[in-house]
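Report on the following structure.
It should be emphasised that the depicted structure is a prediction, and the values quoted were computed from it without experimental measurement. We name chains A, B, ... by the order of the sequence lines, and we start the count at 1 in each one.
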2 protein chains.
Amino acid sequence: MSEVESFFKSAFSVDNVIFGFDGGELKVLLIQRGAAPFRGKWALPGDLVYPNEDLDTAAERVLEQLTGLRGVYLEQVRTFGAVDRHPLGRVITVAYFSLIKISDFTLTPASFAQSARWHTISEVGELAFDHNEILDICLQRLQRKVRNAPVGFELLPEKFTLTELQQLYESVLNLPKNKGLDKRNFRKKILSMNVLVECAEMQEGVAHRPAKLYQFDRERYDQFVAEGYSFDI
Amino acid sequence: MSEVESFFKSAFSVDNVIFGFDGGELKVLLIQRGAAPFRGKWALPGDLVYPNEDLDTAAERVLEQLTGLRGVYLEQVRTFGAVDRHPLGRVITVAYFSLIKISDFTLTPASFAQSARWHTISEVGELAFDHNEILDICLQRLQRKVRNAPVGFELLPEKFTLTELQQLYESVLNLPKNKGLDKRNFRKKILSMNVLVECAEMQEGVAHRPAKLYQFDRERYDQFVAEGYSFDI
DNA sequence: CGGATTTGGTGTAAAAACAACAATAAGCCC
DNA sequence: GGGCTTATTGTTGTTTTTACACCAAATCCG
């Protein structure tokens, strides 16, 4: 223990809250710890930052090693630095959240090794370290962010239906099933922003009337932003 | 240099963007560096975090040592950790901003020693390290925050006029003098929130019609928040 | 003392945004 | 074809936002 203590005299790490959206629900990717402390407990994926590595790079690395994904949405949220947050020494951690299209997620050797698994937010139990607090803060940040920036699309496939988009918002914002958003008003609002383009294709393989597919038009959005527009739901 | 290098092998610091409001303008408190690197350059007040000190505590300490103030508004903003941000080694820094009533500010020995001085935002030149970037990010954060939380009052004296409050918003949000907020609409909006109470006193010593003084009623605000209200300007 | 100067304080009407609400359409399954 | 399931669409009343101009109260100065 004392060697470990000396190694951990003062270090910094990144932890990554990886959100995904599947089956109409917001999920978070957790790993099961294989070593002490908190062996066997679920935790946020994270790692120490290498001496010659930028913080963002470290967060990207953690994400890529676990999911195989690069270039996805990643945002720093806050740094957690309580003196006693790590039982083996002083470790402050910089928390990030990332948004991935869950269908792109592929199991990597690291995800096997760490028994990574998607958890519905509500079914997350007691996590290692202060990871419950970190998850909580990151979720709040996502909830704010999704309302004033078009980041929701990062969680959906390229082409999606308006119903899927609405379910995404209801799930992220944790709105009760019945007391959710009004379908007509939601469509009116999102379409009036002019950042969605209608694809030629329709939904396939469903046992009911197929819906139109839409895509987010980032170029047009960027142009609106340059003109002073601000996304708001 | 090499001893310094070994000391700075890996460390973390806090930097504090201290905002004040005076003469109708938003100001930031900077210090002039007395030692290398960047000797003589203006910089944000900051310090290394002690081994047994929480991050927030370190930020409070930096603030108190420089201004003599405790218990003022303080918020963590972001952590800056580019590998080369500090010329002598790896130092990541956690940026905070704080809001103080500039009239409460008293020069401490530390402020003399560090030649602390208030700078108007627009007249801030090139700062040490990556402090221009930090200042910029913190200012953006303040601009967002001031619109959806009642933090503006932290910059004003206990009792203030509605004109002062409006000037505060215009200054923080950097609105052009003439194309600012509409006086009537601003008053209507802020008063309709019911979080200001009219004092019995009036403004004194002005060479024109004196204005009513108001106070922010935090209790009432907290109660509204508990009921689901959200501040928004 | 009276007029000039300066800032404080107030209301209304038009436009836009928001909220509430339900009936028809299009495909699949049998 | 009939039943099932989800998709799609408009209107109306209410609230919120915006735009806009005049009188009031105090000091200053002649």
Side-chain angles (χ1 to χ4, degrees), chain A residues 23-25 147-148 156-157 159-171 173 175-215 224 227-233, chain B residues 23-25 147-148 156-157 159-171 173 175-215 224 227-233:
Chain A
E25 283 195 300
R147 306 182 88 254
N148 36 262
L156 291 175
K159 299 178 181 185
F160 50 84
T161 70
L162 293 184
T163 300
E164 286 167 349
L165 184 60
Q166 182 174 345
Q167 283 172 347
L168 170 74
Y169 275 95
E170 289 174 343
S171 169
L173 298 177
L175 303 174
K177 288 267 168 173
N178 40 6
K179 186 70 182 79
L181 303 166
D182 179 86
K183 191 161 41 157
R184 277 171 291 191
N185 292 337
F186 178 80
R187 281 159 186 252
K188 235 179 302 177
K189 184 150 192 176
I190 200 89
L191 289 177
S192 74
M193 292 180 180
N194 284 316
V195 294
L196 294 189
V197 293
E198 201 175 311
C199 307
E201 308 156 58
M202 305 286 273
Q203 202 179 21
E204 280 175 26
V206 287
H208 55 78
R209 173 174 178 177
K212 291 184 198 162
L213 293 174
Y214 289 83
Q215 269 182 283
F224 287 158
E227 291 163 6
Y229 178 83
S230 104
F231 188 95
D232 190 34
I233 284 192
Chain B
E25 283 195 299
R147 305 182 88 256
N148 36 260
L156 290 174
K159 301 178 180 187
F160 50 84
T161 70
L162 294 183
T163 300
E164 287 167 348
L165 185 60
Q166 182 174 346
Q167 283 172 347
L168 171 74
Y169 275 95
E170 289 174 343
S171 168
L173 298 176
L175 304 174
K177 288 267 167 176
N178 39 6
K179 186 68 182 79
L181 302 165
D182 179 85
K183 187 165 43 156
R184 277 172 291 189
N185 293 338
F186 178 79
R187 283 160 183 250
K188 233 179 305 175
K189 185 150 191 174
I190 200 89
L191 290 176
S192 74
M193 290 181 183
N194 284 314
V195 294
L196 294 188
V197 293
E198 202 175 311
C199 306
E201 309 156 57
M202 304 287 272
Q203 202 178 22
E204 279 174 26
V206 288
H208 55 78
R209 175 176 177 177
K212 292 183 197 161
L213 292 174
Y214 290 83
Q215 269 182 285
F224 288 158
E227 291 163 6
Y229 179 82
S230 105
F231 189 96
D232 191 34
I233 285 192

Provide, to the nearest angstrom, the distance between the [atom1] atom belonging to [X] and the [atom2] atom belonging to [N].
X      : N      : atom1 : atom2 : result
A:K183 : C:dA19 : NZ    : P     : 18 Å
B:D182 : C:dT10 : CG    : C1'   : 12 Å
A:I190 : D:dT9  : CD1   : C1'   : 17 Å
B:L165 : C:dG9  : CG    : P     : 12 Å
B:N185 : C:dT12 : CG    : C1'   : 11 Å
A:L181 : D:dA7  : CG    : C1'   : 17 Å

Below 3.5 Å, does any donor atom in the side chain of [X] face an acceptor in the base of [N], or the other way round?
X      : N      : result
A:K188 : D:dT11 : yes
A:R187 : D:dA7  : no
A:R184 : D:dA7  : no

Walk me through it: do B:L156 and B:Y214 pass the test side-chain contact (heavy atoms from CB on, under 4.5 Å)?
CA-CA 11 Å; B:L156 290 174; B:Y214 290 83; over 6 Å; no
Where do A:M193 and A:F231 come nearest, in terms of heavy atoms and distance?
SD-CE1, 3.6 Å
What are the two closest heavy atoms between A:F224 and A:N194, and how far apart are they?
CE1-O, 3.6 Å
In numerical order, the residues of residues 202-214 of chain A whose heavy atoms come under 4.0 Å of DNA chain D are A:H208, A:R209, A:A211, A:K212
Spell out, as yes or no, whether a donor-acceptor pair under 3.5 Å connects the side chain of B:Q166 to the backbone of B:L181.
yes
Measure from the side-chain N and O atoms of A:Q203 to the backbone N and O of A:P210, and report whether any donor-acceptor pair falls under 3.5 Å.
no
Over 12 foreign heavy atoms within 6.0 Å of CD, A:E204
no
Tell me what B:T161 touches on the nucleic acid: a base, only sugar-phosphate, or nothing, going by heavy atoms under 4.0 Å.
nothing
